[in-house]
Structure formats: structure tokens, C-alpha cells
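Start at 1 and go down the list; that is how both ligands and their atoms are numbered. Numbers here simply count residues along the sequence, with the first being 1.
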Amino acid sequence: MPDVSARFSAVATVNSRQPRQVQRPVSADGSVQGVGQLFGQKTFSLDVMEEKLPRAVYKRVKATIEEGRTLSHEVAVSVAHAAKEWAASQGCTHFTHWFQPMTGNTAEKHDAFLTFAKNGRAIERFTADMLIQSEPDASSFPSGGMRSTFEARGYTAWDPSSPMFVMDGESGSTLCIPSVFISYTGHALDQKTPLLRSMAAIDKAAQKLLTVLGETPERVIATVGCEQEYFLIDRAYWALRPDLAIAGRTVVGANPPKGQSLDDHYFGAIPPRVLSFMQEVEQELYLLGVPAKTRHNEVAPCQFELAPIFREANVGVDHNQLISEVLRRVALRHDYKVVMHEKPFADINGSGKHDNWSLSCGGKNLLEPGEQPQENTRFLAVLASFLLGVQRYGGLLRASVASHGNDFRLGANEAPPAIMSVFLGETLTRICDDISGGTVERTPDQAQLTVGVETLPAVAQDNTDRNRTSPVAFTGNKFEFRAVGSSQNPGWPTTVLNTIVSEGMDQICTWIEEEGGGQAAVMTAIRKALDESAPIRFEGDGYSEDWVAKAEARGLKNLRTTPQALGELRDSVVERVFAKHGVLSPAELQSRFNVQEEQYLTAVDIERDTLRLIVNEMVMPAALAERGELAIGAKALAELSLDFSMEKERIEALNQAVMRLKERGDAVGALAEEAGHDAHKVADMVVPALAEVRAVVDELEGLVSDGRWPMPKYRELLFMI
Ligand code: ADP
Ligand code: MG
């Protein structure tokens, strides 16, 4: 029988907590440093390089980064030396190639700068080779079968377009080198390699499109800013919830009487203890050069959000990973645990990550509607490419966010549904409908795009309806992909966006060329793209049953579970599009499928084991003890010839629930055995069976007396922080 007093002492502990006083860095003169001083102190940025490197070397590094090329060995020699000197001055003794394996987390293996000189003296050294590449033991990272197909070992290589940074531990610091992780044969083993390739692909496709439109484009860069949602749970509670600790989410827990029904948390005043946490997080992020911008309460109690200012896609993704890491690390200092799971609490809003995406060319946002007809044509062509990409590869987009955690969220009437559609807002929809329906008259001499010239500038202001029910929304000058899971690395969905929009652009270019070029041809191509993508444009309520039926009639896929969604990765059309744009080879794609499926199966397995543990070790003993005590009481009352109907009633209710719990628990075991490693069967049989077990546990939570319930309840986890 677990010691239930632990739960009550946790409540007492939590209620006595005070906000932590955060130390603000001070300058030599004793004044507190402002954001301008803090920002980027711990990054080996271009500014630092300009200061530390010989002029000629610096220029070459800058060009390398700006043109997205790889660094020459010669330049790396100087950079490595300067980086080591700088890192040592920041207290670093070690360095690590910081990379993003397919697990979705970041990985690092630290190496000391320490080496021995010829005379045996200990010295610190960091060479170009050490900077450019390193060889972690790849065998324990998932490769989705790549290792058996190809060379076993993998190595990490610096991505110079993302700056090195210093990560402080409690008693020492490490120089982190943002890296890609590839096999010796050059196959991607991580999230970043395909992302960088997809950025090159969209640069190429967008430049081609702009050229066809008569422009002389510069390099086109995909930009990303991820809004990160998360829950904060007090450590004292967390420690008493094996499900949060092991599975990352609660697998049991009855609804509290209040829930989030009052909607009073969203944008509400931030509790002082949380605010202090957020301030320390921001301070750390500024030091790391991550431009944290907004902070606020989210919809659910205990749920919050942090959003940075967007950057080039690879840097934006790195920043998101750093944000997650810093949130986790700083939370402990404030006696919180950050819960980043997509659905930590049943019937309470889950957490997502809005992947804001756009394209930038020479500092201009290509999704910014302009005042000039030429700018409008460009805007519409890019928009149409995006829509066409989502129309043709909506299933792939869905697959890019598929995980067990996200299955609880997508389509659960709080997050975007599993059906991929795009919300454009009223103004833009009208413009698209006009072009597509051909209601706008166009004569050859008037071939210049007149449509919407007057209305397009209004698009940016058309933010009145921020339709939260749409998985993809146009928000003024960018698209927002909202189906991304909170714990997910946004690299993969961004890679997919870049790739499918590249494909949309290619198609539009082909159509323009087929029509012989010129403004009329451009209009025809845009119209064709808008016509074809009409089915995915949807302004209505994505949560409604109505939409499910309508979407089906429009031929849109509704991939409710991860295994269904992952099937898209095995489609030969998808395989061809990745190969065509040089983003993933068929073998690399297959490996992603394998990893995502394996992760799904593992996640369900972990939940099943955790639930069993909770039932056997906590819930069942509590329920049986309650029943036993009531039975003894009833017997005593009977002996005294007193009324024991209340006891009897409760005993019967407990009895029934306990029997049902046993039955359903046994059923899970049998179903899991039958499903084996078949992900579809696991999704269709095991996952619903786990929910059935949970339902009985939650019922028992209401039957067993409060003093006997071993785990902190939702009302404590969520409302007493
Ligand atoms: P909202 O979601 O209300 O539109 P913001 O305008 O603050 O909120 O933007 C949310 C996120 O979108 C931020 O991280 C922001 O940096 C990012 N963002 C804004 N413009 C772009 C862009 N052109 N490309 C990529 N991300 C962008
Ligand atoms: Mg947003």
C-alpha cells in the first residue's frame, strides 16, 4: 500500500513555495545588464568572429554562411583556434557536436579540449578537424535500418550557418557546435540534414519561380518561428506520478469539477512563481542569442507559451530545441517540471508547437502582399505554390506530425483536426475565389494582374478571424502550421513544408512555360493552382462533424492515427518528390518511416506498462483496502443490528468497478499480444483498450476515499501551483 501521506505533504510543500529570486547579471560598474548587453554573450556569432578573426578569414566565413556553402579546411583552422580561445574565456573545458537525431531530442557527447603536448604537458587544443567533424558512437541512435543498409558508423559535422554556443552546467561549461549527423556514406541520420537540403531545394525552386516572373532574385531563405506551448507541474507532485515521470503524460486522472471550463486562464495574469521562472528562462535564452519575444498563459490551467522572433529555418529549429532545453533546465531551479507532451491531461487542452513559416528574399518577405501589381503577382504565385503543395501532399504533411502523443490532440476538438486544410481569411479567400472562378474580367492588354490589387494590401490586416480550428492558417504574411506536436522537433515538418512548396513552385513554373510565359501565362498558372487546391481551402469550423463529411466528399484524407498517417511515407509519389528535390533518398525516407513507427509502438508500450504498474501497485490496493474496511464496518454494524445499507452500496459499487478493472486489464494484455508489432492493430485495439482501463480507474478515484488515493489528483496538479 503506497504511503498516501506523501501526497498530502506534497500539497503542503507546494503551497509553501515562494517565487525564486533570479540573479541578474551585473556589469563591472554594478549596474544590471540590459537585454542588449546580455544578448548573444554566449554565442560565437559573426560579430564575435569579426572581432576575433583576421579580416580575410572573417570575410570568407561570412560569405560561406550567407551563401549556405560548406567551410573550407583552411578557414576552419582559424575558426577553430578563435573558437577555442573564446570558449576558454567563457569557462569551457569541453566541446560537443550538438545534433538532432531522429528521436526528436538533441544529443551531445562531450570531449575535453585536453590533450598532451610532446613533452607530456597537459594542454588544451581544438583543431579544425575537431571542429568540422566528430564521430559519436552512432550505434545507440535510431537509424531506422540505415545502419544495416549502409555503413555502420556515423559522424557529426558543423553546420556553420548556426552559431556555436556555450551551455553552462552547474559547475562547468561546454562549447556546443550545432551539427548534422550523417553516415559515412553521406546518408542523413538526423533531422537537420534533410532540413538543410530542403532549404537548398526551396531556394532553387523559388529563385526559378521569381525568374520566370521576370525578377532577378537573390538567395531565398525559408524562415521559421516556433511558438512553444508547455505545462508546468510542481516537482513534488510530479515525483508522485509515475505516469508523468515515465510516460510524460498522465495515463489516469479524473476530471476536476472545474477543468478549463471557465476559460479564465488564457492570457490571464501570470502567477508570480511562474513569472520568475519565465524571466530566468528568457535571461538564459538571451545569453544564447535566442530572441525570446512573447510569454503568456495558455488555454489550460498551468499551460504557458513562449515564442521567439523568427530566423532562417535551420536556426529557428535550433532555437526551438534550445528553448525546450532551457525550459527544462531552468524549471528544476524553480521546483517545476516542464511537461512538453502533446496531451498530458485528458479533457484539458494539449500542447502544440505552431510552426510559423515564410520565405525571405533579399530581406523581403515573399508572403507579404505588396502595393505594386508586380509584388502582388509574386505574392499570389508563392501563395498558390503553397496551396498546391498542401493539396497534393496533405497526407505527407499530416505524417510529418504523426506521433502517439499527437494522436490524442489532432481531431480531439481542441487542436486542429487530422484533416489537412488551409485557412486564408475572408479577404484572401475572396481574391482566390475571384481568380479561380474567373469572375474577374481579363483582356490580353490588361493582362497585368489587376485582380485584388486594391484589396491585397488589406490581407495583412485581415486578422479578425484567427480560426483556431485550422491546421494551417495564413496569418497576414506567413503560414502557421499548427498541427505540430509540442514535444516534436520542428525540423521534420519544416522539411516537408519546404519540399512540398518547392514542388508547387516547380509545377507553376512548368505551367507558365507551357503557356509560353508572360503575364497572361502567369495568371493562367495561378488560376490552375487555385482551382486544383480549392478542396483544401476551408474557412469553416474544423472541429465540426460536418467538416469530416464535407472533407471526405472533397477527397481529403482524414488520417486519424499515426500508423494511418505514416502510410503516406511509403507512397511512391511521396518518395519521388523527396528524391526529385534532393531532400531524402528512398532509403532515407524508409528509415524515417521505420523510426517514426518504432517510436509509436514504443510510446504505446510504455503507456501500457505504466498503466499496469499504476493499477497493480496503486489503484487496486487502494480500492481493495477501501472495500475491505467497508466490509469490516458493515459486518460490525450488522452485528449491532444497525443499518449498513450505505456501506453495502459503496461496497457494491467498488466491487463492480474492481471487477471491471480486472477484466479490462486482462483484456489489454490479450489484445496487446494479438496486435504484436502491427502498428495498425496497436492503434485500433490496444490504444482504445487502454482508455477503457483508464475510465475505470477514474471512476474508482471518485469511489475511494480521498485520504487513501495515492497519486496527486488533477485538481492538485493543475490548480495548486
Ligand atoms: P501570431 O501567432 O499572433 O501571428 P506573431 O506575429 O507574434 O503571432 O508571430 C508568431 C510567431 O511567428 C513568432 O515566433 C514570429 O517570430 C513568427 N513569425 C513572424 N513572421 C514570420 C516570418 N516571416 N517567417 C517565419 N516566422 C514568422
Ligand atoms: Mg500564432
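Heavy-atom minimum distance, I419 versus V548: CD1-CA, 4.0 Å. Closest approach of L559 to A418, counting heavy atoms only: O-CB, 3.3 Å.
Under the 6.0 Å cut-off for aromatic ring centres, F231 and F345 qualify, their centroids lying closer than that.
Between A307 and ligand 1, no N or O atom pair is found at a separation short of 3.5 Å. The shortest N or O to N or O distance between N356 and ligand 1 is under 3.5 Å. Ligand 1 has an N or O atom lying under 3.5 Å from an N or O atom of T223, backbone or side chain. In terms of polar-atom proximity, defined here as any N/O pair under 3.5 Å, T294 makes no such contact with ligand 1. When only interatomic distances are considered, the shortest N/O to N/O separation between V224 and ligand 1 does not fall below 3.5 Å.
Proximity of H354 to ligand 1, defined as any heavy-atom pair under 4.0 Å, is not found for any part of the residue.
Taking 4.0 Å as the cut-off, E480 counts as a neighbour of ligand 1 on heavy-atom distance.
Atoms of ligand 1 found under 4.0 Å from any heavy atom of I309, numbered from 1 in the order shown, are 16 (O). Counting atoms of ligand 1 from 1 in the listed order, those under 4.0 Å from a heavy atom of N365 are 23 (N).
For the residue pair T106 and Q321, no side-chain donor N or O sits within less than 3.5 Å of a side-chain acceptor on the partner. If you check the side chains of N406 and S403, you find no donor sitting under 3.5 Å from an acceptor. Between the side chains of E532 and Q507, not a single donor N or O lies within less than 3.5 Å of an accepting N or O.
Under the 6.0 Å distance and 45° angle rule, R249 counts as a cation-pi partner of F408.
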